[in-house]
Participant: 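Please read through the structure below; I'll follow up with questions.
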Amino acid sequence: MTLATTAPTGPRNHATPHGPRIAVHRLGVHFGRTIALHGVSFEARRAERLAVIGPNGAGKSTLLACLATLLTPQDGRITHDGALDGRAHRHTLRGRIGLVAHDVLVYAELTARENLELYAGLHGRGPEAVDHWLDRVGLASAAHRAVGGFSRGMKQRLALARALVHEPDLVLLDEPLTGLDRQGQAFLWELLDELQAKQVLVLLVTHHLETSAEQFSRVLTIARGRLRHDAPATGTLADVYARATGGNR
Amino acid sequence: MTTPALTPRRADWLVALAAITMLAGALLMGLIFFYAPTEATMGVVQKIFYIHVPSAIAGYLGFILCCAASVWYLLRGDVRADVVARAAAEVGVLFCLGVLLTGPIWARKAWGTWWTGEPRLLLTLVLLLIFVAYILVRQFGGRSDLTRKICAVLAILGVADIPLIRYSVERWRGSHPQVITGEGAGITPEMQLVLTTSFITFALLFVTLLALRVRIGLAEEQADAAWRAVETADLRAEDLLDRSHP
Amino acid sequence: MIRTLPAFLLALALLPYSIAHAQGASAPAAGGDSPAAAPDDTPAVDPDPPAAQQDSTDDGAYTRAALERDGFVAASEVREGDLVPGGPLLFAAYLVFFTLLLLYVLMLVRRQRAVATDLQGLQRRIEEVEDRLLVREESGG
Amino acid sequence: MTNVTAPRPGFWRLLLLLLRKDITVELRTREVLHTAGLFALVLMTLFSFAGFADRELAATTAPGVLWVAIAFLGALVFTRTFQRERENRAMDGLLLVPGILDALYTSKLLTNLLLLLTLQALLVPTLLLVFPLPVQPPILPLVALLLAGTLGLCALGTVLSAALAAVRMREVLLPLLLYPLAIPLLIAGVKGSATLFDPLAHAGHGDWLSLMIAFDALFLVLGRWLFGEAVDA
């Protein structure tokens, strides 16, 4: 018996549309003696699309994990919709977060459809949502194959579908371009435009610095655990990075 | 900017405590060997009793304290509670080992065999195994938040299991001198005096060792925090310099 | 402060050694009784359980009454022939206990030293950070 | 303004989905069933070679062999079932489902229980065949003991494997912790089933069964609490 069979009904209307969707205040994370993040503060509104760039080990993935409420920061706080503390309300907030992590977060033994059906079902979505997203990410023909045999690109597409199937209003993407061919990347940008139209806030961590900075409303540059630069930008991400770090490193 | 030399503060109370413990220890040894009467059937071997029983109690105390501190850590996330839990587990294992190594010597004399599978020895052995594994997990995990949580979980499971292990092991086998279960029956006044001194001395020893270990544990945590502070200061300085020299 | 602890403990550990030795070998000074049986340091055969042992001794009602009580009995209540010496066992037990204690304290000392070394490293790091700051400030203007 | 969302699936729906997933994955690979099942047979063969096949000894050694084998299989199953969640970090995806912890714990517990009981369906008949027991044990009490014992073992094993999932050397550490903690269950199992295998004493397993049930209750409650602490940083 399925309890939830409602079809995906466009953008979900969450709380106040005004004010920032997330506000990060003096975020600090450390692992033992290593400072992963220090004093990171920024705000982001609905329908924004933020790029997060920085060298390896700068703290980008840690930031994403904190935003996804999967990691509890030792210092500072993250509020959602101006009032909800990510630490206290994580169980209600989690249903509104879509995450494409470094790993694909799916079961290799199951087919694409089964994986998607699992996550859709857990979030109270019916098979229509699954069909819709399988079609959308171009995996409809491969839906009945076990994920273990998928190429990196196909896994990445599935990860996207899995992250979006419950229509979150905060989408966190860790290196989503990895493994995607030119066509796949084009599809990703298309998808992100669509999300923007649905008032979804997107944070995208990438080291593909040849990407155009104009794709994003703002670019956050992180180096050695600190937010070095946060502004709208032109040129490529590589230019932004060079300007932000002053060519020091 | 000047930095004070980083030398740990002396803890005079701890020195005093250690000194008192040692005096008590010397007094106890004197009492055990010069004052306490030699027991009839066990002979001088009965004198093991004066360290065996208090060790057992100190061992359990260590584990129970470890569990309590672990609960506190899980509920409050206080790192100091975790330090106490770790220290208590180590001290508990130490006393537990003491029990397990003196126990067989007793058994050799009393029952003619080194190992009898006697219930309380078995219970102590099982507890020792659990907490040695706990310390192993600590060793592999280092001082990360995850390790702290995992170890807290293990300590709680281990101590919650004590009554069950005890019941099952006792029902399984049985024979142990029930000396201090009654109202001092079966023990002469002289023995009672020595035993009381022994309990006090072991309490002092327990507190001293625990305090030493907790102090070191806290120092380690403070050192971690200090390293973080220095690295943070380094980052801030870098930011300032970057800003002043674009 | 911690460095003096092992010395104290060593002294403590030696105490039972001397006493146990005195008890096992020569005339005892302790407790006002004596293990009169010849000092049998290495009992090859397991001593009989108390009950059997009681049967083998000549039936002193005094001794038996004392032994039939639950729990421990002071040796002064028993005839000398009933006593079984256990000096080496006792010595072993106390030696083991004090060795354990000593080892743990040594472990604590090692940990403490590690923390001290760590703090020295921290001190160096602080100076390094300071130096770098000064150099940059000077070169910058 | 309130959220216009689809109704959140309740505990039973979540549990059903997770359980279906776990069973599908296992049936597709049969990883645990094949390896652990073979391991059970190898164990029984070994024990039968070890000189226990003596009629005199069988009744006293069979219970021990049975519960040692169950404990071995348990460690094997628990490590593996939780390892699946760590591969590809699928667990992070599950944690992002609101209010899933209860269902997640229960589903892992039931999966472990199901696998271990299936393995016992193989193990116990083999044991009864290999060991020349003087009497056939009464089925109902034996099943009750096996059920209660396995439930407790799973309650403990589930929380332990969850806690150790991110630790180095977990394959070694899990049995190191599981076996001492499960001592009450193992003693109760051995002594309880010994009364069933002994032709002279056909009663007395009741006490051991109640000890097992006390163990089950304690570790189910503790397990659920500590599972949340261990899994959800």
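The chains referred to below are lettered A, B, ... by the order of the sequence lines, with proteins before strands, and numbering in each begins at 1. On a predicted model such as this, the values are computed, not experimentally measured, just so you know.
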Participant: Where does B/Val99 contact chain C at under 4.5 Å (heavy atoms): side chain, backbone, both or neither?
Facilitator: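 Interface part for B/Val99: neither.
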Participant: What are the two closest non-hydrogen atoms of C/Leu122 and B/Ala226, and how far apart are they?
Facilitator: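 C/Leu122 and B/Ala226 have their closest heavy atoms at CD2-CB, 3.3 Å.
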Participant: Determine whether C/Arg125 and B/Asp234 make a side-chain contact, defined as any pair of heavy atoms from C-beta on separated by less than 4.5 Å.
Facilitator: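 Touching, per the 4.5 Å side-chain cut-off.
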Participant: How far apart are the closest heavy atoms of B/Ala223 and C/Leu119, and which atoms are they?
Facilitator: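 Of all heavy-atom pairs spanning B/Ala223 and C/Leu119, the closest is CB-CD2, 4.1 Å.
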Participant: Which heavy atom of B/Leu209 sits nearest a heavy atom of C/Tyr104, and at what distance?
Facilitator: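 Smallest interatomic distance, heavy atoms only, reads CD2-CD2, 4.1 Å.
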Participant: Nearest 0.5 Å, please: how far is OG1 in C/Thr99 from CG in B/Leu97?
Facilitator: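 Rounded to the nearest 0.5 Å, the CG-OG1 separation comes out at 12.0 Å.
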Participant: Please report the shortest heavy-atom distance between B/Ala219 and C/Val115, naming the atom on each side.
Facilitator: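 Shortest heavy-atom separation between B/Ala219 and C/Val115 comes out as CB-CG1, 3.9 Å.
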Participant: Identify which of C/Leu103, C/Asp118, C/Val96 forms the greatest number of heavy-atom pairs closer than 4.5 Å to chain B.
Facilitator: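 Heavy-atom pairs under 4.5 Å are most numerous for C/Asp118.
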Participant: Where is the tightest heavy-atom contact between C/Leu108 and B/Ile216, given as atom of each residue plus distance?
Facilitator: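 Result for this residue pair: O-CD1, 3.4 Å.
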Participant: Between C/Phe97 and B/Ile48, is there a side-chain heavy-atom distance shorter than 4.5 Å?
Facilitator: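 They are not in contact (no side-chain heavy atoms under 4.5 Å apart), so the answer is no.
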Participant: Evaluate whether atom CZ of C/Arg111 has more than 12 neighbouring non-hydrogen atoms of other residues, nucleotides or ligands under 6.0 angstrom away.
Facilitator: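 Result for CZ/C/Arg111: enclosed.
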